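Note that the coordinates shown come from a computational prediction; the quantities given were computed from them, not determined experimentally.
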Amino acid sequence: SVENINRFHLTGHGIRRLQERNIPLELVKDTVRHHQDKDYKRPGEHGGKVFRYAKRRSDGRLIVIAELKRDECWIISSYYE
């Protein structure tokens with residue numbers, strides 16, 4: 001469950017996308033924890049499942065691609081639609 005995430009990790013790609021797109025990490029974490037939409041994408045590289053999380057914000061719909069495994073989450077990418 002996303003409410004039980006204790007550790008967030010950033011992949012190299014995830015870090016670059018946050019910086020390029022000037023998206024605060026706290027907004028990304030909030031989108032994963034309190035998403036409005038969630039779609040399964042594929043098995044993850046860390047033994048978890050990769051999901052596409054989405055949440056409407058004042059400046060657009062924030063999309064986060066993240067792998068979830070038990071209480072850990074790897075941020076793969078993020079962008080606004």
Side-chain angles (χ1 to χ4, degrees):
S1 165
V2 291
E3 292 83 23
N4 298 328
I5 297 172
N6 290 320
R7 291 184 292 179
F8 279 90
H9 309 279
L10 284 165
T11 64
H13 182 85
I15 292 169
R16 283 191 300 280
R17 295 302 168 254
L18 283 175
Q19 292 171 341
E20 288 172 3
R21 298 168 182 155
N22 200 28
I23 301 172
L25 179 58
E26 289 308 312
L27 286 185
V28 169
K29 290 179 179 182
D30 180 70
T31 298
V32 171
R33 284 191 171 121
H34 307 287
H35 56 273
Q36 294 164 324
D37 295 309
K38 173 182 165 184
D39 301 310
Y40 174 73
K41 301 305 280 180
R42 64 181 183 276
E45 295 180 9
H46 303 96
K49 294 179 179 178
V50 176
F51 294 95
R52 176 184 177 271
Y53 298 95
K55 184 173 182 179
R56 170 88 34 215
R57 302 204 164 272
S58 59
D59 47 357
R61 185 172 147 99
L62 182 58
I63 306 298
V64 177
I65 309 299
E67 179 180 351
L68 189 63
K69 181 181 177 187
R70 291 190 294 274
D71 67 339
E72 290 186 83
C73 180
W74 287 264
I75 305 300
I76 298 168
S77 192
S78 54
Y79 56 93
Y80 279 98
E81 273 187 338

Side chain of Glu72, backbone of His9: donor and acceptor closer than 3.5 Å? no

Pair up each side-chain donor or acceptor in residues 15-25 with any protein partner under 3.5 Å, not counting sequence neighbours, and list the distances.
residue	atom	partner	partner atom	Å
Arg16	NH1	Gly12	O	3.3
Arg17	NE	His13	NE2	3.4
Arg17	NH1	Glu20	OE1	2.8
Arg17	NH1	Glu20	OE2	2.9
Arg21	NH1	Ser78	O	2.7

Show me the donor-acceptor pairs, under 3.5 Å and distance only, between side chains in residues 58-69 and residues at least two apart or in other chains.
residue	atom	partner	partner atom	Å
Asp59	OD2	Tyr80	OH	3.4
Arg61	NE	Glu81	OE1	3.0
Arg61	NH1	Asp37	OD2	2.8
Arg61	NH2	Asp37	OD2	3.3
Glu67	OE1	Glu45	N	3.2
Glu67	OE1	His46	N	3.3
Glu67	OE1	His46	ND1	2.9
Glu67	OE2	His46	N	2.9
Glu67	OE2	Gly47	N	3.3
Glu67	OE2	Gly48	N	2.8
Lys69	NZ	His46	O	3.1

With clusters built from Ile, Leu, Val, Met, Phe, Trp and Tyr whose side-chain heavy atoms come within less than 4.5 Å, directly or transitively, what are the remaining members of the cluster of Trp74, listed by chain and number? none

Could you see if Tyr79 belongs to whatever hydrophobic cluster contains Val28? Use Ile, Leu, Val, Met, Phe, Trp, Tyr and a side-chain cutoff under 4.5 Å. no

Stepwise side-chain contact (heavy atoms from CB on, under 4.5 Å) test for Arg57 and Thr31: CA-CA 9 Å; Arg57 302 204 164 272; Thr31 298; 3.3 Å; yes

How long is the gap from CG on Leu10 to OG on Ser77, to the nearest 0.5 Å? 11.0 Å

To the nearest 0.5 angstrom, please state how far the OH atom of Tyr40 sits from the CZ atom of Arg52. 15.5 Å

Could you tell me which non-hydrogen atom of Val50 sits nearest to which non-hydrogen atom of Gly44, and how far apart they are? CG2-CA, 3.7 Å

What's the spacing between His35 NE2 and Lys55 NZ if we round to 0.5 Å? 10.5 Å

